[in-house]
Amino acid sequence: MDGFNLLPQRRARDELVACCAAPGWAETVAAGRPYPDVERLTATALAVLADLPWAAVAGALAAHPRIGERAGAGAGRDAAWSRREQAGVAGAGEEVLAALAEANREYEKRFDRIFLIFATGRTPEQMLAAARERLGNDEATERRVVRQELAKITELRLRRLAGE
């Protein structure tokens, strides 16, 4: 934590944006330093995330690749983390990838945003089933689910940032 705590404010904010692409969130979390440990960092970060206005959450979603469409070859930490998080999709067959692409399109048409899911440790079939299930959610329910999934992704990335 010392390395993160000692970063200049702008650099700390930039590191946090790789965890969750909501600049206001990153600014607030960076301003809360120093953190005594990763538990306090994640608790603070998740509390700030829970209070973000929906527009900020929607903005953060734009930084995530679609499930089944791995992050580009970008050199950024967030692109590398996205590739790692979606590694389970790499071995999916063409049929499952086509079904994921269709589920992404249906979800985007219904909710006007990408389908976000905590992909780490999930099979392509599990992600596809979740996408299909969530298509039945109303807007308010789906926003709660999106916040939960974003929080899981953010916590994982914060722990990686802290060296865990």
Side-chain angles (χ1 to χ4, degrees), residues 1-92 100 104 107-108 111-124 126-127 130-131 134 140-164:
M1 287 305 312
D2 290 337
F4 175 71
N5 284 331
L6 295 173
L7 290 173
Q9 177 72 10
R10 182 175 179 176
R11 175 91 188 279
R13 184 196 67 224
D14 291 347
E15 292 289 327
L16 289 165
V17 165
C19 299
C20 179
W25 169 86
E27 191 70 39
T28 301
V29 175
R33 294 174 304 146
Y35 293 101
D37 52 42
V38 71
E39 285 72 26
R40 175 74 93 206
L41 169 63
T42 57
T44 299
L46 295 178
V48 173
L49 185 62
D51 288 337
L52 278 183
W54 180 253
V57 171
L61 297 179
H64 289 267
R66 288 177 182 91
I67 293 297
E69 295 179 13
R70 293 175 48 134
R77 186 186 305 248
D78 55 338
W81 283 341
S82 286
R83 286 190 296 273
R84 181 176 173 185
E85 291 157 6
Q86 287 201 38
V89 177
L100 275 170
N104 281 327
Y107 184 92
E108 288 173 24
F111 293 108
D112 196 31
R113 60 180 166 267
I114 68 154
F115 170 69
L116 184 76
I117 189 167
F118 182 75
T120 301
R122 290 190 176 170
T123 67
Q126 289 170 326
M127 290 183 268
R134 286 171 50 189
T141 300
E142 187 56 20
R143 283 186 180 199
R144 280 192 303 276
V145 173
V146 167
R147 282 183 184 274
Q148 292 167 352
E149 296 299 304
L150 183 60
K152 289 184 230 175
I153 294 165
T154 301
E155 181 174 4
L156 176 67
R157 291 179 176 190
L158 285 166
R159 290 185 179 281
R160 286 181 180 153
L161 179 67
E164 283 194 352

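Along the sequence shown, residues carry numbers from 1. As the structure is a prediction and not an experimental result, all values here were calculated from the model.
- Residue Leu116 holds its CG atom at 7.0 Å from CZ of Arg134, rounded to the nearest 0.5 Å.
- Nearest heavy-atom pair across Pro65 and Ile114 is O-CD1, 4.1 Å.
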>> Go through it in stages, so that I can follow the logic: the residues are Val38 and Leu161, the test is side chain to side chain contact (heavy atoms under 4.5 Å, CB included), and I'd like the CA-CA distance, side-chain angles, deciding distance and then a yes or no.
In response: CA-CA 9 Å; Val38 71; Leu161 179 67; over 6 Å; no

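- Taken to the nearest 0.5 Å, the CD atom of Glu27 stands 9.5 Å off from the CG atom of Asp14.
- Contact annotation: the side chain of His64 approaches that of Leu150 to within less than 4.5 Å [non-hydrogen atoms, C-beta and beyond].
- Partners of Arg113 according to the side chain to side chain contact (heavy atoms under 4.5 Å, CB included) rule, which considers only residues two or more places apart in sequence or in another chain, are Trp54, Leu61, Tyr107, Phe111, Glu139, Glu142, Arg143, Val146.
- Rounding to the nearest 0.5 angstrom, the gap separating the SG atom in Cys20 from the CD atom in Glu155 is 12.5 Å.
- For Asp37, the CG atom is densely surrounded, since the number of other residues' heavy atoms within 6.0 Å is greater than 12.
- Tested against Cys19, the residues Thr42, Leu49, Leu156, Leu158 include a single side-chain contact (heavy atoms from CB on, under 4.5 Å) partner, Leu158.
- Among all heavy-atom pairs drawn from Ala63 and Ala21, the shortest one is CB-CB, 3.4 Å.
- A donor-acceptor distance shorter than 3.5 angstrom exists from the side chain of Trp25 to the backbone of Ala45, with no hydrogens or angles considered.
- Partners of Phe4 according to the ring pair (Phe, Tyr, Trp, His ring centres under 6.0 Å) rule, which considers only residues two or more places apart in sequence or in another chain, do not exist here.
- Judged by distance alone, with hydrogens and angles left aside, the side-chain atoms of Arg40 form no donor-acceptor pair with the main-chain N or O of Pro34 at under 3.5 Å.
- Taking the side-chain hydrogen bond (donor to acceptor under 3.5 Å, both in side chains) definition, one finds that Thr141 meets it with Asp138, Arg144, sequence neighbours left out.
- Met1 and Ala162 make their closest contact through SD-CB, 4.0 Å (heavy atoms, listed as atom of the first residue, atom of the second, distance).
- Interatomic distance, Glu15 CD to Leu7 CG, rounded to the nearest 0.5 Å: 6.5 Å.
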>> Could you walk me through whether Val29 and Leu41 satisfy the side chain to side chain contact (heavy atoms under 4.5 Å, CB included) test, starting with their C-alpha distance in whole Å, then the side-chain angles of each, then the deciding distance to 0.1 Å, before giving a yes or no?
In response: CA-CA 8 Å; Val29 175; Leu41 169 63; 3.8 Å; yes

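- For Arg33, the side-chain hydrogen bond (donor to acceptor under 3.5 Å, both in side chains) criterion is met by Gln9, not counting sequence neighbours.
- Take Gln148 and apply the side-chain hydrogen bond (donor to acceptor under 3.5 Å, both in side chains) test, not counting sequence neighbours, and it matches no residue.
- For Glu149, the side-chain hydrogen bond (donor to acceptor under 3.5 Å, both in side chains) criterion is met by Lys152, not counting sequence neighbours.
- Among all heavy-atom pairs drawn from Leu46 and Ala151, the shortest one is CD2-O, 3.6 Å.
- Residues Leu52 and Ala22 approach most closely at CD1-CB, 3.9 Å, considering heavy atoms.
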